[in-house]
2 protein chains.
Amino acid sequence: MRDTNRPNLEDVAALAGVSTASISRCINNPKKVAEPTRLRIQKAIDSLGYMPHFGGRALAINRTNTVGAIIPSMENAVFASGLQAFQETLNDSKVTLLVGSSNYNASQEYDQIRSLLSQGADGLLLIGKDRPKKTLDFLEKHSVPHVLAWCFGKNISSPVVGFDNQKAAQKIADHVIALGHRKLAIIAGLREGNDRANERIIGIQDAQKTNPNVELVAIEECKYSFEEASAALDRILALNKNPTAIICSSDVLAVGAMLRAKELGLSVPNDISITGFDDINLAQVVTPSLTTVRVPQQEMGRKAAEVLLDLINPNLGKTAAQSVELMTTIINRGTLVSLQ
Amino acid sequence: MRDTNRPNLEDVAALAGVSTASISRCINNPKKVAEPTRLRIQKAIDSLGYMPHFGGRALAINRTNTVGAIIPSMENAVFASGLQAFQETLNDSKVTLLVGSSNYNASQEYDQIRSLLSQGADGLLLIGKDRPKKTLDFLEKHSVPHVLAWCFGKNISSPVVGFDNQKAAQKIADHVIALGHRKLAIIAGLREGNDRANERIIGIQDAQKTNPNVELVAIEECKYSFEEASAALDRILALNKNPTAIICSSDVLAVGAMLRAKELGLSVPNDISITGFDDINLAQVVTPSLTTVRVPQQEMGRKAAEVLLDLINPNLGKTAAQSVELMTTIINRGTLVSLQ
DNA sequence: TTAAAATATGTAAGCGCTTGCATGCAGGAA
DNA sequence: TTCCTGCATGCAAGCGCTTACATATTTTAA
């Protein structure tokens with residue numbers, strides 16, 4: 001039923017003494033309306049405080065200028081600055097961002113996808129490349145424009161903007177090995193439904209395999225919290241295999257392990273080296289500061305937004321949206337020691 | 001123009017052999033439709049992969065089940081977990097969250113408010129209580145349901161869910177003073193357009209005033225980054241007033257100051273005590289871990305969502321939405337030393 | 001048995017906006 | 001003058017959905 005409180009096109013039209021069509025044109029395509037009329041209309045709009053009704057417009061043009069992003073967790077600083085950059089880039093094109101979080105859970109992600117889409121999202125940003133067939137089918141069936149981030153891969157059918165987790169992990173592991181470490185352990189996120197965690201483990205295993213005299217004494221998976229990482233370190237130490245370096249698949253895990261090591265009276269890196277992944281704020285703050293892998297978050301967010309916008313706008317002569325691979329860098333700080 | 005790709009109510013109705021009205025009822029009020037029909041409809045919906053069109057619905061019921069939140073910054077972990085709780089609570093009521101960020105800038109906030117509203121947000125979460133008249137007028141004129149968080153106060157016309165920044169700041173300052181500190185300095189966020197930063201300063205000043213033998217040797221404002229806090233510490237030290245404690249109005253600032261102190265060869269807390277505010281992750285991670293003020297973020301997010309939902313739903317007999325004041329707690333860790 | 005009440009479903013109007021088409025009008029070319 | 005062109009504007013259909021109301025069917029009561 002009519003909300004008499006909120007002015008609509010007709011009200012503006014009446015006040016300005018023109019038809020609703022002109023108002024609409026004035027808003028969406030100002031050149032199509034003559035100067036004096038435009039001024040009159042603008043005055044009417046201002047004086048009524050008119051704002052176009054979102055639903056009406058969405059219905060008419062079948063587009064919302066809204067995109068959704070579903071990240072595994074909002075609490076995790078890992079995604080924050082990437083998302084911020086994503087949003088800023090969208091805003092430049094007058095597109096609004098809807099955010100959902102999946103809690104690292106595929107079925108929650110599916111629900112969020114449906115929810116954001118039924119909220120009218122024109123496109124989606126998703127994290128990672130592995131998801132259940134059900135989700136994939138859904139995306140395909142509804143031909144949802146989407147881009148994947150925080151991952152990369154050659155034979156993915158969706159556009160991807162990110163980095164190769166496996167290669168990045170292999171690189172840091174190679175680096176650790178090059179410094180003389182021969183007994184490694186891993187603390188990683190739960191692989192289940194998390195391709196990034198999974199590939200990071202595989203990357204480290206790759207590095208180990210190409211160096212036969214390197215031993216991988218433990219692989220511990222846990223949730224991304226200090227407490228869980230702390231417990232994971234305990235489990236590793238309980239094995240009595242004496243790894244000289246622990247490669248963690250996230251800074252949060254690395255810091256959790258460091259905190260625990262400190263509690264146990266172990267010196268990092270003298271007694272044990274620890275490396276992280278992501279290079280979030282935390283990494284610079286711990287003592288010693290964390291040697292880690294820097295992920296180009298901002299660039300990823302920005303580029304992902306560009307690709308998604310391309311996907312949504314049947315664009316004018318521009319090149320089709322393409323996947324882009326970004327590179328990670330190893331940031332050497334204080335938690336990794338050379339054994340040579 | 002009709003998107004033939006996307007099934008609409010009519011398609012479902014045709015397939016199920018009922019009218020569109022029944023489909024609509026089946027979706028929104030299943031009890032109103034008989035069991036066998038409901039099953040038939042459900043099957044049709046599933047087989048077509050039908051999803052209601054957001055705009056159509058929004059137009060018909062003049063409601064989007066969407067609320068917006070505008071936070072000063074996404075990068076700052078300060079708001080992350082509160083926002084997460086806010087979102088989760090909304091989700092329980094099938095309400096989606098739109099997020100905008102204002103970059104601690106009133107005019108950007110105003111733009112975001114307009115943008116979220118024109119995206120159809122039914123209500124808004126805003127941070128802090130001070131804003132320009134223009135913004136206030138706008139909210140009033142359009143009678144936008146909204147709740148303020150991260151602040152509290154008696155004579156605010158909007159519902160507020162938060163804590164009293166001034167009191168909380170006074171409390172930590174009193175605590176510092178009780179430990180024997182007589183020369184204090186402040187590192188705070190920029191007060192301009194930021195009531196939280198402002199009130200936290202005032203709270204500390206309150207504490208100082210009631211203790212005449214306490215001196216406030218410096219008040220430095222800066223942006224919320226390690227680098228800026230670091231520079232602020234330098235400016236304070238350059239004064240040669242030798243404060244024994246630096247009260248920071250955010251953990252980020254406190255950690256930035258700590259990092260700088262360490263660079264300068266100053267021991268925290270032996271040479272100088274430092275306190276934070278917020279109790280974000282960072283606080284536990286630095287060495288020594290940070291004595292700070294814990295803000296009940298999750299609770300604030302949850303309660304704010306409840307109040308906002310109340311505001312939006314002309315609800316059934318429930319009590320009207322009320323402001324709620326939450327309490328902060330001082331978390332004693334390692335950066336504040338007793339001088340007695 | 002019949003009337004009344006309850007239940008299930010359909011009909012159609014209308015939410016606010018955009019846009020193809022029609023109309024009117026001014027200026028220029030023939 | 002007449003015709004054409006182009007611009008500014010209006011008209012009205014239609015986007016997909018909800019819902020008051022009308023209608024048809026079943027149940028219940030008397």
Which protein N or O atoms sit under 3.5 Å from an N or O of nucleotides 8-10 of chain D?
from	atom 1	to	atom 2	distance (Å)
D:dT9	OP1	A:Thr37	OG1	2.4
D:dT9	OP2	A:Ala34	N	2.8
D:dT9	OP2	A:Thr37	OG1	3.3
D:dG10	OP1	A:Ser19	N	3.4
D:dG10	OP2	A:Ser19	N	2.8
D:dG10	OP2	A:Ser19	OG	2.9
D:dG10	OP2	A:Ser22	OG	2.8
D:dG10	N7	A:Arg25	NH2	2.7
D:dG10	O6	A:Arg25	NH1	3.3

Exercise. Is any side-chain N of the basic residue among A:Lys303 and A:Glu306 closer than 4.0 Å to the acidic one's carboxylate O?
Worked result: no
d([atom1], [X]; [atom2], [N]) in whole Å:
X       : N      : atom1 : atom2 : answer
A:Leu59 : D:dC15 : CG    : P     : 9 Å
A:Phe54 : C:dT18 : CZ    : C1'   : 15 Å
A:His53 : C:dC15 : NE2   : P     : 11 Å
B:Ile61 : D:dT18 : CD1   : C1'   : 8 Å
A:Asn29 : C:dC17 : CG    : P     : 17 Å
B:Ile23 : C:dA8  : CD1   : P     : 16 Å
B:Arg63 : D:dG16 : CZ    : P     : 23 Å
B:Asn62 : C:dA13 : CG    : P     : 21 Å

Less than 3.5 Å apart, any donor N or O on the side chain of [X] or [Y] sitting next to an acceptor on the other?
X        : Y        : result
A:His53  : B:Asn62  : yes
B:Glu10  : B:Thr20  : no
B:Gln112 : B:Gln108 : no

Exercise. Is it the case that more than 12 heavy atoms not belonging to A:Glu325 sit under 6.0 Å from its CD atom?
Worked result: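 Result for CD/A:Glu325: enclosed.
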Exercise. Quick one: bend of the helix from C:dT1-D:dA30 to C:dA30-D:dT1 from 5 pairs per end, to 10°?
Worked result: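 That helix has its two terminal axes inclined by roughly 40°.
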Exercise. Within a strict 4.5 Å, meaning less than it, do heavy atoms of the B:Ser47 and B:Leu15 side chains meet?
Worked result: yes
For this session: May I ask you to evaluate whether B:Asn28 reaches the phosphate of D:dT18, defined as a side-chain N or O under 4.0 Å from OP1 or OP2?
Result: yes
Problem set entry | Phosphate-side-chain proximity, B:Arg57 and D:dT18, N/O vs OP1/OP2 below 4.0 Å |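 Answer is yes, contact under 4.0 Å.
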For this session: Measure from the side-chain N and O atoms of A:Glu109 to the backbone N and O of A:Arg131, and report whether any donor-acceptor pair falls under 3.5 Å.
Result: no
Problem set entry | Polar side-chain atom of B:Asn8 near backbone of B:Asp11 as donor-acceptor pair, under 3.5 Å |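 Side chain of B:Asn8 to backbone of B:Asp11, a donor-acceptor pair under 3.5 Å: yes, one is there.
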Exercise. Taking only residues two or more places apart in sequence or in another chain, which ones pass side chain to side chain contact (heavy atoms under 4.5 Å, CB included) with A:Thr64?
Worked result: A:Phe54, A:Ala58, A:Thr66, A:Asp122
